[in-house]
Peer 1: 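Please read through the structure below; I'll follow up with questions.
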Amino acid sequence: MDKFTLPCSLSLEQASSQATAEFKATILRDIGTEYESFIDMTGGMGVDTMFLSPLFKKAIYIEQNAELCSIATSNFKAMGIENIEVVCADSTQYISDIEHASVIYADPARRSHSGGKLVSISDCEPNLLPFLDVILPKCGILMVKLSPMLDITIAEKELKGVTDLYVVSVQGECKELLAICSKDSVGSISIHCVNLPETTEFTFTKEEEQNAAAPLSMPLKYLYEPNASILKAGAFKVLCSRFGVNKLHTSSHLYTSEHLITGFPGRTFEIEDIRKVHKEYFKDIEKANITTRNFPTSVAELRKKLGIKEGGDIYMFATTLINSEKRMLICKKSTI
């Protein structure tokens with residue numbers, strides 16, 4: 001195998017990880033299998049192109065940076081990938097001139113020239129919004145990678161033809177927001193909350209969330225903390241209707257039940273104690289894993305206030321209960 005070449009640090013920061021690139025391939029496999037052509041209109045480091053190209057007879061990598069094109073050409077050769085054509089061009093102009101592609105993929109640059117993070121779709125390069133009326137008729141599927149910090153409601157409103165939104169977290173941290181768009185889209189948008197590397201997925205619609213009931217209660221025997229992708233997507237009430245759990249408070253986004261619920265999309269704990277958040281009540285605990293949900297004090301401030309170091313087998317959740325009291329839930333991970 002030839003030597004693999006790495007580009008500048010800014011391009012590396014923008015690049016997808018192998019886990020998220022492989023998941024994008026999974027999405028396309030689930031949608032369909034009769035794919036002819038693929039265009040990555042924001043080629044960059046080429047990670048997504050490498051993992052998506054095997055699904056297609058022909059793939060086209062487009063990048064206006066000549067150095068990145070040269071690096072990608074070398075790396076595709078090193079990986080033994082032979083069905084990718086590298087094109088150094090302005091991608092919006094290139095797509096304006098084509099007839100059709102099965103799938104077009106876009107990952108607009110979310111870093112300014114000074115290195116600052118960009119979130120808004122219109123601030124990224126290229127700004128896809130003015131070109132959607134050109135791009136959508138040119139493809140069966142448009143897949144867009146967006147900032148994980150972008151509000152999904154904004155993504156729904158600003159992009160056209162959205163059929164599915166994927167909120168992808170890796171090891172508990174939201175990494176990508178993916179939009180699937182089609183000129184033939186109809187009906188509700190499905191929102192998929194994905195947790196990698198386990199590839200667990202929770203799917204719901206905004207209508208389902210709006211219509212769901214979310215009963216409240218004081219803490220019971222078990223406590224549930226949703227995955228980061230669930231919290232990002234705003235699947236707060238629908239968790240109650242799907243799994244039969246109660247919320248501790250309307251705004252706390254922690255859940256509880258008397259009997260163990262299996263399959264909950266997140267972490268499960270057994271509640272061992274509930275304490276007021278004062279140092280005198282924590283003399284028996286030297287170290288613990290602390291999380292705050294709907295609580296006015298940060299984790300760092302709590303550690304300093306309570307004199308508790310990080311680590312160990314104790315999990316503590318500082319939160320607000322249904323009666324508006326601020327309490328610390330002392331928990332251990334569920335073994336089932």
Side-chain angles (χ1 to χ4, degrees), residues 151-153 156 164-169 172-174 177 187-195 198 200-278 281 288-299 302 314-336:
D151 189 309
I152 65 170
T153 303
E156 292 176 27
D164 297 83
L165 281 171
Y166 290 81
V167 185
V168 183
S169 62
E173 181 180 356
C174 280
L177 177 60
S188 299
I189 297 173
S190 296
I191 303 172
H192 309 262
C193 306
V194 180
N195 190 52
E198 296 87 354
T200 56
E201 186 172 325
F202 178 84
T203 302
F204 72 106
T205 65
K206 280 290 183 69
E207 292 78 11
E208 187 180 5
E209 170 65 18
Q210 291 167 358
N211 296 328
L216 306 178
S217 76
M218 293 294 284
L220 301 171
K221 183 175 181 180
Y222 293 97
L223 182 77
Y224 306 90
E225 180 192 29
N227 289 329
S229 55
I230 296 277
L231 297 173
K232 170 68 180 180
F236 302 135
K237 297 190 297 181
V238 69
L239 289 175
C240 296
S241 60
R242 291 272 191 96
F243 295 96
V245 293
N246 300 333
K247 293 191 74 175
L248 298 185
H249 184 278
T250 302
S251 302
S252 292
H253 309 321
L254 288 171
Y255 301 80
T256 190
S257 69
E258 186 61 38
H259 303 285
L260 179 64
I261 304 296
T262 58
F264 187 89
R267 299 193 297 175
T268 302
F269 302 87
E270 291 184 50
I271 300 174
E272 297 189 319
D273 199 5
I274 303 173
R275 303 180 187 181
K276 293 181 179 180
V277 189
H278 298 293
Y281 298 112
N289 306 279
I290 302 177
T291 299
T292 59
R293 289 282 185 269
N294 189 26
F295 198 81
T297 310
S298 70
V299 171
L302 283 173
I314 298 173
Y315 293 81
M316 307 198 325
F317 292 84
T319 190
T320 302
L321 304 181
I322 183 177
N323 58 6
S324 297
E325 291 180 342
K326 313 296 182 185
R327 291 291 184 267
M328 184 76 81
L329 309 184
I330 314 298
C331 307
K332 68 177 181 180
K333 269 192 173 181
S334 174
T335 56
I336 299 178

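Computed from a predicted structure; not experimentally measured.
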Peer 1: Could you report the tightest heavy-atom contact between Cys240 and Pro215, atom names first, then the distance?
Peer 2: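 It is CB-CD, 4.0 Å.
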Peer 1: Judged by modelled atom types alone, do Thr153 and Asp151 share a side-chain donor-acceptor pair under 3.5 Å?
Peer 2: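 Note: Thr153 and Asp151 side chains meet the donor-acceptor criterion.
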Peer 1: Would a 4.5 Å heavy-atom cut-off, applied to side chains only, mark Met316 and Asn289 as touching?
Peer 2: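 A side-chain contact under 4.5 Å is absent here.
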Peer 1: Before giving the answer on side chain to side chain contact (heavy atoms under 4.5 Å, CB included), spell out for Leu260 and Thr268 the whole-Å C-alpha distance, their side-chain angles and the decisive distance to 0.1 Å.
Peer 2: CA-CA 9 Å; Leu260 179 64; Thr268 302; 3.7 Å; yes
Peer 1: Could you go step by step and tell me if Val277 and Arg327 meet the side chain to side chain contact (heavy atoms under 4.5 Å, CB included) rule?
Peer 2: CA-CA 6 Å; Val277 189; Arg327 291 291 184 267; 5.5 Å; no
Peer 1: Do you see a donor-acceptor pair shorter than 3.5 Å between the side chains of Asp164 and His192?
Peer 2: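 Yes, His192 and Asp164 have a side-chain donor paired with an acceptor closer than 3.5 Å.
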Peer 1: Would you check if Glu225 and Leu254 make a side-chain contact, meaning some heavy-atom pair closer than 4.5 Å?
Peer 2: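 Yes. Closest side-chain heavy atoms under 4.5 Å.
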Peer 1: So Phe269 and Tyr315, would you call those rings parallel, tilted or perpendicular, with 30° and 60° as cut-offs?
Peer 2: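 Phe269 vs Tyr315 ring planes: tilted.
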Peer 1: Report the distance from atom CZ of Phe204 to atom NZ of Lys237, rounding to the nearest 0.5 Å.
Peer 2: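 That separation rounds to 11.5 Å.
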Peer 1: Please indicate whether Lys326 has more than 12 foreign heavy atoms, meaning atoms of other residues, nucleotides or ligands, lying under 6.0 Å from its NZ.
Peer 2: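 Yes - once you tally the heavy atoms of other residues, nucleotides and ligands closer than 6.0 Å, there are more than 12.
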Peer 1: Applying side chain to side chain contact (heavy atoms under 4.5 Å, CB included), run through Thr256 and Val245 and close with a yes or a no.
Peer 2: CA-CA 6 Å; Thr256 190; Val245 293; over 6 Å; no
Peer 1: Between Ser252 and Thr319, is any side-chain donor less than 3.5 angstrom from a side-chain acceptor?
Peer 2: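 Ser252 vs Thr319: donor-acceptor pair found between side chains.
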Peer 1: Considering non-hydrogen atoms only, spot the tightest contact between Ala318 and Phe295 and give its length.
Peer 2: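 It is O-CB, 3.5 Å.
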Peer 1: Given side chains that start at C-beta, do those of Val238 and Lys206 come closer than 4.5 Å, heavy atoms only?
Peer 2: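 When only atoms from C-beta onward are counted, Lys206 and Val238 do not touch, as no gap falls below 4.5 Å.
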Peer 1: Does any part of the side chain of Asn246, heavy atoms only, come nearer than 4.5 Å to the side chain of Ser257, both counted from C-beta?
Peer 2: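 No, too far: nothing below the 4.5 Å cut-off.
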Peer 1: Show, in sequence, the C-alpha distance, side-chain angles and deciding distance for Tyr222 and Ile261, and conclude whether the side chain to side chain contact (heavy atoms under 4.5 Å, CB included) test is met.
Peer 2: CA-CA 9 Å; Tyr222 293 97; Ile261 304 296; over 6 Å; no
Peer 1: Would you indicate whether the side-chain heavy atoms of Ser217 and Ile322 approach each other to under 4.5 Å?
Peer 2: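 Answer no - side chains too far apart.
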Peer 1: Can you tell me how far the OG1 atom of Thr291 sits from the CZ atom of Arg267, to the nearest 0.5 Å?
Peer 2: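 Atom-to-atom, Thr291:OG1 and Arg267:CZ are 5.5 Å apart.
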Peer 1: Could you state the interatomic distance from CE (Met328) to CG (Asp273), rounded to the nearest 0.5 Å?
Peer 2: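 Rounded to the nearest 0.5 Å, the CE-CG separation comes out at 11.5 Å.
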Peer 1: Using every non-hydrogen atom in the two residues, find where Ala214 and Lys247 come nearest and quote the distance to one decimal.
Peer 2: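 Nearest pair, atom of Ala214 first, then Lys247: CB-CD, 4.1 Å.
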Peer 1: Taking the side chain as C-beta and beyond, is there a heavy-atom pair between Cys174 and Val167 under 4.5 Å?
Peer 2: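 Counting from C-beta outward, Cys174 and Val167 do come under 4.5 Å.
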Peer 1: Kindly compute the distance separating CD1 (Ile189) from CD (Glu207), expressed to the nearest 0.5 Å.
Peer 2: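 Going from CD1 on Ile189 over to CD on Glu207, the span is 8.5 Å.
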Peer 1: Ignoring hydrogens and angles, state whether a donor on the side chain of His249 or Thr320 is under 3.5 Å from an acceptor on the partner side chain.
Peer 2: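 Side-chain D/A pair, His249 to Thr320: absent.
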Peer 1: Assess the side chains of Ser169 and Asn195: does a donor N or O sit below 3.5 Å from an acceptor N or O?
Peer 2: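 Yes, because at least one side-chain N or O of Ser169 sits under 3.5 Å from a partner of the opposite role on Asn195.
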Peer 1: Under a 3.5 Å distance rule, please check whether Asn227 uses its side chain to pair with a backbone N or O of Ser229 as donor and acceptor.
Peer 2: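 Looks like no, no N/O pair under 3.5 Å.
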Peer 1: Looking at Glu270 and Lys332, would you say the former's side chain and the latter's main chain have a donor-acceptor pair under 3.5 Å?
Peer 2: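 No, the answer is negative, given that no donor and acceptor are paired below the 3.5 Å cut-off.
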Peer 1: A side-chain contact here means heavy atoms from C-beta on lying under 4.5 Å apart; do Leu239 and Phe202 qualify?
Peer 2: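 A side-chain contact under 4.5 Å exists here.
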Peer 1: Going by heavy atoms in the side chains, are Ile330 and Ile274 under 4.5 Å from each other?
Peer 2: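 The answer is no; the side chains never approach within 4.5 Å.
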Peer 1: Any side-chain to backbone donor/acceptor pair from Thr205 onto Glu208? Under 3.5 Å, distance only.
Peer 2: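 Checked: pair present.
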Peer 1: Hey, could you give me the CD1/SG distance between Ile230 and Cys193, rounded to the nearest 0.5 Å?
Peer 2: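 One gets 4.0 Å once the value is rounded to the nearest 0.5 Å.
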Peer 1: Looking only at heavy atoms, what is the nearest atom pair of Phe236 and Leu231, with distance?
Peer 2: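 So the minimum-distance heavy-atom pair works out to CZ-O, 3.6 Å.
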Peer 1: Return the minimal non-hydrogen interatomic distance between Met218 and Asn323, and the atom names on each side.
Peer 2: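 Heavy atoms only, the tightest pair is CE-ND2, 3.8 Å.
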Peer 1: To the closest 0.5 Å, what do you measure between CG (Leu223) and CZ (Phe264)?
Peer 2: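 The distance works out to 9.0 Å.
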Peer 1: Verify the distance criterion only: is there a donor paired with an acceptor across the side chains of His259 and Lys221 at less than 3.5 Å?
Peer 2: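 Note: His259 and Lys221 side chains miss the donor-acceptor criterion.
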